[in-house]
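Some notes on the structure that comes next.
Reminder, nothing fancy here: chain letters follow the sequence lines and each chain counts from 1.
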Amino acid sequence: MPSPIAVIDFETTGMTPAQGARATEVAIVLIEGERVVDRFQSLMQTGVWIPPFITELTGITNAMVAAAPPAVEVMRAAARFVGDTPMVAHNAAFDSKFWQSELRQAGLDAPQPFACTVLLSRRVFPDAPSHKLGNLTAHLGLPHTGRAHRALADAEMAAALLARMQRELCQRFDLPWPDHALLMQLQRCARQSMGKLLDRLALNASGAL
DNA sequence: TGCCAGGCCCTCTTTAGGGCCTT
């Protein structure tokens with residue numbers, strides 16, 4: 001049984017917590033292999049104003065978050081949901097910063113390691129015309145999961161993309177189902193060294209080494 | 001009501017610049 005991975009997506013008021021941006025919605029999809037085994041989703045109230053262009057992008061309004069539970073409450077529930085499960089996000093540099101920032105403001109640590117589906121997809125599908133989440137999932141023919149730029153739909157898309165890449169790695173290199181540690185290793189490789197790493201793993205898997 | 005980051009990767013590179021990706 002493949003070990004679980006938590007795929008997360010935040011909607012926010014801006015690009016970075018360093019400039020005062022806060023989360024407006026979080027969704028987490030727990031997957032084991034290719035199977036979604038659990039989901040967590042909630043809007044959250046931080047008191048930070050949502051600019052109109054963000055509302056246009058996400059559909060999330062100031063009225064919606066005003067009626068949502070406080071961010072501290074939501075993040076504590078999210079942390080309980082994730083536990084120590086390793087995490088994945090599409091452009092993890094973005095979501096991991098909000099994960100750390102929102103948990104810190106809720107008085108919690110964020111010890112979970114993050115792997116990134118953007119970095120991985122650039123390795124696994126280097127010839128894809130675009131590595132934006134929506135474009136890439138459409139290019140690969142993955143199922144439509146709902147309104148783009150809502151947290152749960154995007155987390156489900158990223159989870160489907162991750163599973164597709166893991167299956168691709170299994171088939172292409174005759175590997176066992178790649179775990180989070182291997183995904184972390186792959187995302188850090190330059191394209192050539194990724195090939196060498198996978199060749200070595202494939203030889204290992206075949207018993208040749 | 002609105003400002004606009006940062007890490008990664010590629011290449012016409014490495015004493016750098018520009019594009020991609022996330023909201």
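- Here, B/dG18 and B/dT14 have their C1' atoms 15 Å apart, quoted to the whole Å.
- Here the C1' atom of nucleotide B/dC21 and the CG atom of A/Leu120 are 14 Å apart, to the nearest Å.
- Between B/dA5 and B/dT23, the two C1' atoms lie 11 Å apart (nearest whole Å).
- Phosphate proximity of B/dT23 to A/His149: present, with a side-chain N or O under 4.0 Å from OP1 or OP2.
- Relative to the side chain of A/Gln19, the nucleotides B/dC21, B/dA5, B/dG2 differ in distance, and B/dA5 lies closest.
- Comparing the P positions of B/dC21 and B/dC3 gives an interatomic distance of 25 Å, to the nearest angstrom.
- Rounding to whole angstrom units, CZ of residue A/Arg150 and C1' of B/dT23 are separated by 14 Å.
- Ranking B/dC8, B/dG6, B/dT23 by closeness to the A/Ile54 side chain, first place goes to B/dT23.
- B/dC4 atom P lies 18 Å from atom CZ of A/Phe94, rounded to whole Å.
- Following rounding to the nearest Å, A/Arg122 (CZ) and B/dC10 (P) show an atom-to-atom distance of 8 Å.
- Remark: the separation of the P atoms in B/dG2 and B/dC9 is 36 Å, to the nearest Å.
- In this structure, A/Phe114 atom CZ and B/dT22 atom C1' are separated by 13 Å, rounded to whole Å.
- The phosphate of B/dC4 has neither OP1 nor OP2 within less than 4.0 Å of any side-chain N or O from A/Thr16.
- Contact annotation: A/His131 side-chain N/O to B/dC21 OP1/OP2 distance is under 4.0 Å.
- Using a cutoff of 4.0 Å between basic side-chain nitrogens and carboxylate oxygens, A/Arg150 and A/Glu11 are not scored as salt-bridged.
- The nucleotide whose nearest atom lies closest to any side-chain atom of A/Leu133 is, among B/dT1, B/dT23, B/dT22, B/dT22.
- B/dC8 and B/dT13 have their C1' atoms separated by 15 Å, with the value rounded to a whole Å.
- Residue contacts shown for A/Asp154 are limited to sugar-phosphate atoms, with no base heavy atom under 4.0 Å away.
- Salt bridge A/Arg164/A/Glu34: absent, no basic N to carboxylate O contact under 4.0 Å.
- Residue A/Asp9 is classed as a sugar-phosphate contact, given heavy-atom separations below 4.0 Å to backbone atoms only.
- Here B/dC9 presents its C1' atom at 16 Å from CZ of A/Arg188, a figure rounded to the nearest Å.
- Distance check on atom P: B/dG7 versus B/dC12 gives 26 Å, rounded to whole Å.
- Of the two residues near DNA chain B, A/Ile50 and A/Gly134, the one whose nearest nucleotide lies more 5' is A/Ile50.
- Put simply, CD on A/Gln187 is 21 Å from P on B/dC20, counting in whole angstrom units.
- Using a 4.0 Å heavy-atom distance criterion, A/Leu119 is classed as a sugar-phosphate-only contact.
- Using a 4.0 Å heavy-atom cutoff across all strands shown, A/Glu56 reaches no nucleic acid atom at all.
- Taking both residues in full, the closest heavy atoms of A/Ile54 and A/Thr13 are given as CG1-O, 3.8 Å, listed atom of the first, atom of the second, then distance.
- Taking every side-chain heavy atom of A/Asn91 into account, B/dT22 is the closest of B/dT23, B/dT22, B/dC8.
- No donor-acceptor pair under 3.5 Å is formed between the side chain of A/Ser101 and the backbone N or O of A/Lys97.
- In this structure, the CZ atom of A/Arg22 is 18 Å from the C1' atom of B/dT22, given to the nearest Å.
- Using a 4.0 Å heavy-atom criterion, one finds that A/Thr58 contacts the sugar-phosphate atoms exclusively.
- Both A/Lys97 and A/Leu57 lie close to DNA chain B; mapped to their nearest nucleotides by heavy-atom distance, the more 5′-ward contact belongs to A/Lys97.
- For A/Glu25 (side chain) and A/Thr58 (main-chain N/O), no donor-acceptor pair under 3.5 Å exists by modelled atom type.
- One N or O on the side chain of A/Arg123 and one on the backbone of A/Gln187 form a donor-acceptor pair closer than 3.5 Å.
- Listed for the A/His180 side chain is a donor-acceptor partner under 3.5 Å among the backbone atoms of A/Met87.
- Within the 4.0 angstrom heavy-atom criterion, base atoms lie near A/Phe53.
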